[in-house]
Every structure is written in structure tokens, then in C-alpha cells.
Amino acid sequence: MRHLIKSVVFSFSFGVLAASAAPAQRPTSSEPLPSHDAPIILAEQKLGEIAKVKVDRAGRIYLNGRITSLESLKREFSRLHKVNGAVWYHRENPHQDPPPEALAVLQAIIDARLPVKLLEKDFD
């Protein structure tokens, strides 16, 4: 279990470091500033929708604030992959061993090949 988490965190960290190594592009004076509704751009890739996924201490999985099953989450991840979506992931009590559902969610994110942002703070 810990090996999978370390692997995901390393892969994520390496991707963030690689992405942050590129210089930030600033709009020229003729380009409009992005609005709050502009799509998120991560490592020069425009991202569509963001799925906010949370796993609580009991192993319940939430998708955008609603409890969901792992199978429904996988279907949503498949759809997100097609629309260049991404995942914001939060797990309650991240300093303790994760419930098995948390590892299953991380594996589903990897399997769907989605960009992921790991968040310490809950977004609810």
C-alpha cells in the first residue's frame, strides 16, 4: 500500500516539478487577461472539467460533494479523460494509513490517465 502511495506521490511530484521548470508565459499587452471562467492550463495542456474527489476516514468516496461508488467514479474518469478533465483529490487524515478505497481511487485516476492535484485542505 505504502509503495503505491509513494509511487503516486513521486510521479505527481516529478510531474509538477517538470511542469514548473518551464518559464511562465505572460500575456502580451494585446492579449486579454484570463477570466475566472477560463479553462485551467497545466503544463501547457488546457483542462476542461475538474472532478473534486474526496475519500473520508471511513472509506466513503465523494465526487463533487456527493457520495458515489468506485464503479461510477471510474465511468466519470473515463468521460473526463475524453474531455481533457482533471482530478482534485483529497483524503481525510492523510497522515494515517489510507483505507483501501483511497488506494482504489488513486489507481482509478492512474488507469484513466488523468492529471491530478493532491490537496491537503478539504474543498467542501
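Only this structure's heavy atoms are used, side chains among them; waters, hydrogens and symmetry mates stay out. Because the structure is predicted, anything quoted here is derived from the model rather than measured.
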Chemist: Could you tell me which non-hydrogen atom of Ala112 sits nearest to which non-hydrogen atom of Phe77, and how far apart they are?
Modeler: CB-CB, 3.7 Å

Chemist: If I take atom CG from residue Leu80 and atom CD1 from residue Ile109, how far apart are they, to the nearest 0.5 angstrom?
Modeler: 10.5 Å

Chemist: Any donor-acceptor pair under 3.5 Å linking the side chain of Asn64 with the backbone of Lys52?
Modeler: yes

Chemist: Between His90 (side chain only) and Val53 (backbone N and O only), is there a donor and an acceptor less than 3.5 Å apart?
Modeler: no

Chemist: With sequence neighbours left out, write down each residue that passes side chain to side chain contact (heavy atoms under 4.5 Å, CB included) with Thr68, or none if nothing qualifies.
Modeler: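 So Thr68 forms a side chain to side chain contact (heavy atoms under 4.5 Å, CB included) with Ile61, Leu63, Ser72, Leu73.
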
Chemist: Do Lys54 and Arg91 have side chains that get closer than 4.5 Å, going by heavy atoms?
Modeler: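 Lys54 vs Arg91: side chains apart.
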
Chemist: Minimum heavy-atom separation for Gly85 and Pro115, please, with both atom names.
Modeler: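 So the minimum-distance heavy-atom pair works out to O-CD, 3.4 Å.
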
Chemist: Any chance you could lay out the side-chain contact (heavy atoms from CB on, under 4.5 Å) test for Leu119 and Tyr89, step after step, and finish with the verdict?
Modeler: CA-CA 6 Å; Leu119 300 169; Tyr89 175 83; over 6 Å; no

Chemist: Could you tell me the separation between the CG atom of Asp111 and the OG atom of Ser78, rounded to the nearest 0.5 Å?
Modeler: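 Answer for the CG-OG pair, Asp111 versus Ser78, is 11.0 Å.
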
Chemist: In the structure I gave you, are the side-chain heavy atoms of Pro98 and Val55 within less than 4.5 Å of one another anywhere?
Modeler: no

Chemist: How many angstroms lie between CG in Leu114 and CD1 in Ile50, if you round to the nearest 0.5 Å?
Modeler: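 The CD1 atom of Ile50 is 10.0 Å from CG of Leu114, to the nearest 0.5 Å.
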
Chemist: Does the ring of Trp88 carry Lys117 above it, NZ/CZ under 6.0 angstrom from centre and within 45° of its axis?
Modeler: yes

Chemist: Who passes side chain to side chain donor-acceptor pair (under 3.5 Å) against Arg79, sequence neighbours left out?
Modeler: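 Expected list: Glu49, Glu76.
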
